[in-house]
Amino acid sequence: MLQVNDLCKSYHDTKVLDDIRFSIDDGDFFGILGPNGSGKSTLLKLISGVEKADSGQLLLDGTPVENYSRKQLSRTMAVLQQESLPPVDFTVQEVVEMGRFPYQNWLGEEKGNQGHIVDSILHKLNLDPLRDRSLQQLSGGERQRVALGKVMAQQPQWLLLDEPTTYLDIGYQIQMMDLIKAWQKEEKLTVVAVLHDLNLASIYCNRMLLMQGGNGIRVGAPKDILQSELIQQVYGTEPIIVEHPVHRLPQIMLQQGGSFIE
Ligand code: ADP
Ligand code: MG
């Protein structure tokens with residue numbers, strides 16, 4: 001369980017996170033939503049220990065996140081940032097193998113033969129045929145699958161994702177979310193995902209935090225967050241909320257001429 005207590009963060013006297021308070025239970029698929037610049041990525045960086053809070057607490061199973069060593073934290077939490085792949089020309093297999101670093105000694109050696117972990121991940125993500133291909137020769141959807149393979153190789157209990165589907169077409173968006181969901185179920189993973197798309201968030205997340213201007217506006221189930229008035233207040237456009245005919249979850253429909261932003 002992750003408890004976030006009164007978290008504050010400023011950059012150059014500008015408050016980016018203001019007394020954020022919520023908790024995430026083990027096994028949640030937790031969404032972080034909000035307009036551009038509302039502090040979502042910053043919050044994710046604080047949770048993963050990449051950045052330090054000015055005040056407040058982040059407790060992972062009761063222990064402050066900063067008390068974990070880098071390696072301990074990497075075995076517990078994996079992070080998929082936007083554009084998280086190495087810029088140089090590695091192959092698909094090499095990149096997935098990099099995910100094993102928390103289990104290696106300083107020579108890059110690992111106890112036992114862990115090659116089967118990488119093999120099974122390549123297979124699961126349908127990357128077998130691409131394993132010797134260099135990253136430069138992949139499509140956006142394939143690259144994102146490799147990035148997911150790298151964090152899967154870390155075998156974490158927590159997976160943090162920053163907009164994992166933003167540059168993908170609808171087919172790859174659903175593929176990516178389904179792969180994450182399947183992995184979550186299989187390994188009892190807890191997922192924390194910054195998502196741009198409220199409709200996608202509604203059908204994959206069981207709980208979500210809605211942010212605005214560094215504040216946590218509301219935490220709840222999709223039906224508590226996808227509410228017309230609340231969305232208007234936070235995003236400056238009034239959507240129509242309908243029920244998804246299959247999933248029975250709220251979905252938003254945008255309206256032309258519905259901007260309230262001056
Ligand atoms: P989001 O992910 O919701 O779009 P961010 O967390 O990236 O928002 O940014 C929140 C605010 O903090 C923005 O106004 C952004 O300009 C500012 N910010 C983020 N990172 C830094 C930084 N390293 N230095 C200064 N300002 C930053
Ligand atoms: Mg962001």
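Counting starts at 1 for both ligands and their atoms, following the listed order. For the single chain, residues carry numbers from 1 onward in sequence order.
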Scan the protein's non-hydrogen atoms and note whether one is under 4.0 Å from atom 16 (O) of ligand 1.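 Flag for atom 16 (O) of ligand 1 set to false, no protein heavy atom closer than 4.0 Å.
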Could [X] and [Y] be called an ion pair, given the rule that one side-chain N must be under 4.0 Å from one carboxylate O?
| X | Y | result |
| --- | --- | --- |
| Asp178 | Lys181 | no |
| Asp119 | Arg131 | yes |
| Glu66 | Lys52 | no |

Identify the protein heavy atom lying closest to atom 11 (C) of ligand 1, giving its residue, its atom name and the separation to 0.1 Å.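 Going by distance alone, atom 11 (C) of ligand 1 is nearest to Val16 CG1, 3.6 Å.
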Identify the protein heavy atom lying closest to atom 27 (C) of ligand 1, giving its residue, its atom name and the separation to 0.1 Å.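 Looking only at protein heavy atoms, the one closest to atom 27 (C) of ligand 1 is Tyr11 CD1, 3.2 Å.
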Write down the atom of Met208, the atom of Phe30, and the distance for their closest heavy-atom approach.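 Here Met208 and Phe30 meet closest at C-CZ, 4.1 Å.
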Can you sort out which atoms of ligand 1 are near Asn36, meaning under 4.0 Å from one of its heavy atoms?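 By the 4.0 Å cutoff, the relevant atoms are 4 (O).
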Test of proximity, [X] against ligand 1: N or O pairs below 3.5 Å:
| X | result |
| --- | --- |
| Lys40 | yes |
| Gly37 | yes |
| Thr42 | yes |

Would you say Pro35 contacts ligand 1, with heavy atoms under 4.0 Å as the rule?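 True for this residue.
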In Å, rounded to the nearest 0.5 Å, how long is the span from CG of Leu60 to CD of Gln72?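 Result: 10.5 Å between the selected atoms.
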Could you confirm whether Ser41 has any N/O/S atom lying under 2.8 Å from the Mg ion (ligand 2)?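 Yes, since at least one N, O or S atom of Ser41 sits under 2.8 Å from the Mg ion (ligand 2).
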Any pair with a residue in residues 212-224 that passes salt bridge (charged side-chain N to carboxylate O under 4.0 Å, His left out), sequence neighbours left out, goes on the list, sorted by first then second residue, please.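 Pairs touching residues 212-224 that pass the test: none.
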May I ask which of Gly39, Gly34, Ser41 has a heavy atom nearer to atom 2 (O) of ligand 1 than the others do?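 Residue with the shortest heavy-atom distance to the ligand atom: Ser41.
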Using a 3.5 Å cut-off and no angle test, enumerate the donor-acceptor pairs between side-chain atoms of residues 122-130 and protein atoms at least two apart in sequence or in another chain.
unit_1 : atom_1 : unit_2 : atom_2 : d
His123 : ND1    : Asp128 : OD2    : 2.9
Lys124 : NZ     : Glu186 : OE2    : 3.0

